[in-house]
Amino acid sequence: MPTDYMYLMKCSKGEDFEQGQLNRYGNIELGPAAGVLNYGQAVYEGTKVHRKEDGRLLLFRPEQNAMRMKFGAERMCMPSPSIDQFVDAVKQTVLANKRWVPPPGKGSLYIRPLLMGSGQILGLGAAPEYTFLVYVSPVGNYFKGFAPLNLYVEKDFDRASRGGTGGIKSITNYAPGLKALTKAKNRGFSDVLYLDSVNRKNIEEVSSCNIFIVKGNAISTPAINGTILPGVTRRSIIEIARDHGYQVEECVIPIDELIDADEVFCTGTAVGVASIGSITYEGKRIKFKTGAQTVSQELYSTLVGIKTGLIEDKMGWIVEIE
């Protein structure tokens, strides 16, 4: 949904970002030979702001997104804003669009920082100019309703490979997954679960979120190894779960271990914490516990409580925007 303002900041190759500004939300101009259009030189981030009952605006761990963008920018041979510049740009954009932040309990304001090679370059190489922009949109729940997700294990297509860009939020990671996602949705599934590209037997990620396996008091999630995105929500859920007394392990998880799982859920900025009702693999459908009194619901309630100011933020995660 178009909002009122967006933030823009530019710099040339070999220089640092300096001063940005708010502009009215609208189209941006790019030359046909822009690095982002021809060679996909860009990374993006995503975070949210929530409105409290008293009207205050709460931003969740923006410095984590800033650090992840810097890491991704280095991989894509781009300069990036400093952490302070990133957070300041996000704050300015939210304040300029504060009338678009939904009322408490009615959604959130999604924030999309985007860094791209905007300068023109015909030969393969790093662009001569870069643009950092931030725009926002009010959003509801990423998946329709709160029904458990039904995943399909993809075997024909890979999401990421060793040495590739699976561990950063490169724009090039997402369009290649559309074919597998469309195929799964046409068969009635919610999303796709990818396996590792080497052995094709270890679970890695869903299309746009991380995955967790619950067995008793133990929670496991695929380890960050260069092919899996280090999600901010993923990291937060790990810390919340440990704080709640769960044993959390980041490790290699063979697809066969799903058979013994009590629960499975996925995490991400857009989805929050989404319960998984079933996973279909090689024609077999494995079902998991969902609904009230589940571990995922417990962790989700704590995460949302912190994000919305209903639970005290003992972690120092919330940045209040004034």
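These values consider heavy atoms only, across backbone and side chains, with no hydrogens, waters or symmetry-generated copies.
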*asked:* With a 3.5 Å distance limit and no angle check, can you tell me whether E154 reaches the backbone of D156 through a side-chain donor-acceptor pair?
replied: yes
*Going by atom types only, do N150 and R285 share a side-chain donor-acceptor pair under 3.5 Å?*
yes
*Can any side-chain N or O of T221 pair as donor or acceptor with the backbone N or O of I211 at less than 3.5 Å?*
yes
_Enclosure of Y39 OH (heavy-atom neighbours >12, cutoff 6.0 Å)_ = yes
_Treating E129 as the side-chain partner and G119 as the backbone partner, does any N or O pair qualify as donor plus acceptor under 3.5 Å?_
no
*Spatial distance of atom CG (N202) from atom CD (E257) [nearest 0.5 Å]*: 9.0 Å
_Min side-chain heavy-atom separation V136-V90 under 4.5 Å_ = no
_Minimum-distance pair of heavy atoms, taken over all atoms of A73 and P79_ = CB-O, 4.2 Å
*Check whether any side-chain heavy atom of V153 sits under 4.5 Å from a side-chain heavy atom of T280, and report yes or no.*
no
*Keeping the roles fixed (side chain from N210, backbone from I228), state whether a donor-acceptor pair exists under 3.5 Å.*
no
*asked:* Before you tell me yes or no, could you show the steps for V264 and V214 under side-chain contact (heavy atoms from CB on, under 4.5 Å), namely the whole-Å CA-CA distance, both residues' side-chain angles and the distance that decides it to 0.1 Å?
replied: CA-CA 6 Å; V264 181; V214 181; over 6 Å; no
*Taking the side chain as every heavy atom from C-beta outward, state whether I237 and F265 have any pair of such atoms under 4.5 Å apart.*
yes
*Side chains of Q41 and Y130: do they bring a donor and an acceptor to under 3.5 Å?*
yes
*asked:* Using 0.5 Å steps for rounding, measure from the CZ atom of R24 to the CG atom of L22.
replied: 10.5 Å
_Can a donor-acceptor pair be found, under 3.5 Å and without considering hydrogens, that links the side chain of N65 to the backbone of G46?_
yes
*For the pair F17 and F132, name the ring-plane relationship: parallel under 30°, tilted 30 to 60°, perpendicular over 60°.*
perpendicular
*With ring pair (Phe, Tyr, Trp, His ring centres under 6.0 Å) as the test, would you mind laying out the steps for Y44 and Y174 before giving the verdict?*
CA-CA 11 Å; Y44 76 87; Y174 296 91; 5.4 Å; yes
*Apply side-chain contact (heavy atoms from CB on, under 4.5 Å) to V192 and V206, showing your working.*
CA-CA 5 Å; V192 171; V206 185; 5.8 Å; no
*Can you hop from L133 to L59 via hydrophobic side chains spaced under 4.5 Å?*
no
*Check ion pair K289-E263 (N to O, under 4.0 angstrom)*: no
*Considering only NZ, NE, NH1 and NH2 on the basic side and carboxylate oxygens on the acidic side, decide whether E282 and K155 come within less than 4.0 Å.*
yes
_Atom pair CD1/CG of I168 and N173 - distance to nearest 0.5 Å_ = 6.5 Å
*For atom OH of Y281, is the number of surrounding heavy atoms from other residues, nucleotides or ligands below 6.0 Å larger than 12?*
yes
*In this structure, are over 12 heavy atoms from other groups packed under 6.0 Å from E74 atom CD?*
no
*Is there a donor-acceptor pair closer than 3.5 Å between any side-chain N or O of R159 and the backbone N or O of G166?*
yes
*asked:* Between L193 and I279, is there a side-chain heavy-atom distance shorter than 4.5 Å?
replied: yes
*Ignoring hydrogens and angles, tell me if any N or O in the side chain of K185 forms a donor-acceptor pair with the backbone of D191 under 3.5 Å.*
no
*Is the backbone N or O of T290 less than 3.5 Å from a side-chain atom of T294, with the two atoms forming a donor-acceptor pair by type?*
no
*asked:* Regarding D256 and K201, does a basic nitrogen lie under 4.0 Å from an acidic carboxylate oxygen?
replied: no
*Heavy-atom side-chain contact between P138 and Y110 under 4.5 Å*: no
*Starting from the C-alpha separation in whole Å, work towards a yes-or-no answer on salt bridge (Lys or Arg N to Asp or Glu O under 4.0 Å) for D243 and K314.*
CA-CA 11 Å; D243 190 56; K314 297 179 181 179; over 6 Å; no
*Would you sort out whether S118 and T131 count as a side chain to side chain donor-acceptor pair (under 3.5 Å), showing the intermediate values?*
CA-CA 6 Å; S118 51; T131 298; 2.7 Å; yes
*Quick check: are there more than 12 heavy atoms from other residues, nucleotides or ligands sitting under 6.0 Å from NZ of K52?*
yes
*Assess whether side-chain contact (heavy atoms from CB on, under 4.5 Å) is satisfied between V319 and K91, documenting all intermediate values.*
CA-CA 9 Å; V319 175; K91 287 181 177 180; 3.5 Å; yes
*asked:* Quick check for you: to the nearest 0.5 Å, what is the distance between S278 atom OG and L258 atom CG?
replied: 11.0 Å
*asked:* Tell me whether D196 is salt-bridged to R162, with the criterion being a basic N under 4.0 Å from an acidic carboxylate O.
replied: no
*asked:* With heavy-atom distances below 4.5 Å as the criterion, would you say the side chains of Y194 and S207 are in contact?
replied: yes
*Side-chain heavy-atom pair F189, L151 within 4.5 angstrom cut-off*: no
*What's the shortest heavy-atom distance between S220 and I253, and which atoms?*
OG-CD1, 3.5 Å
*asked:* If we count only N and O atoms by modelled type, under 3.5 Å, do the side chains of Q21 and N23 hold a donor and an acceptor together?
replied: yes
With a 3.5 Å cut-off and sequence neighbours excluded, list the donor-acceptor pairs that the side chains of residues 302-312 form with protein atoms.
from	atom 1	to	atom 2	distance (Å)
T302	OG1	H244	NE2	3.4
T302	OG1	E298	O	3.2
T308	OG1	V304	O	2.7

_Gap between atom CG of D313 and atom CG of L58 - 0.5 Å precision_ = 9.0 Å
*asked:* Would you say that more than 12 heavy atoms from the other residues, nucleotides or ligands in this model lie under 6.0 Å from the CG of L122, or not?
replied: no
*Check whether any side-chain N or O of T182 sits under 3.5 Å from a backbone N or O of K179 as a donor-acceptor pair, and report yes or no.*
no
*Would T227 and N225 count as a side chain to side chain donor-acceptor pair (under 3.5 Å) if you check the C-alpha gap in whole Å, the side-chain angles of each, and the deciding distance to 0.1 Å?*
CA-CA 6 Å; T227 61; N225 59 3; 2.7 Å; yes
*asked:* Walk me through whether E250 and R234 qualify under salt bridge (Lys or Arg N to Asp or Glu O under 4.0 Å).
replied: CA-CA 11 Å; E250 299 177 67; R234 173 190 182 276; 2.7 Å; yes
*Locate the shortest heavy-atom distance separating I121 from P128; write the atom from each residue and the value.*
CB-CD, 4.2 Å
*Side-chain heavy atoms of M9 within contact of Y7, under 4.5 Å*: yes
_Under-4.0 Å salt bridge between R68 and E63_ = no
*Identify whether the distance between the nearest side-chain nitrogen and carboxylate oxygen of D262 and K215 falls below 4.0 Å.*
yes
_If you count heavy atoms of other groups shown closer than 6.0 angstrom to NZ of K183, is the number above 12?_
yes
*asked:* Whether the T233 and T267 side chains hold a donor-acceptor pair (N or O, under 3.5 Å, no angle test) is what I'd like checked.
replied: no
*Is the shortest side-chain N to carboxylate O distance from R235 to E239 below 4.0 Å?*
yes
_Using a 3.5 Å distance criterion without hydrogens, assess whether the side chain of Y135 forms a donor-acceptor pair with backbone atoms of T93._
no
*Between L8 and M6, is a side-chain contact (heavy atoms from CB on, under 4.5 Å) present by the stated rule, with each step listed?*
CA-CA 7 Å; L8 278 167; M6 62 184 185; 4.1 Å; yes
*Nearest-0.5 Å distance that lies between atom NZ in K70 and atom CE in M67*: 10.5 Å
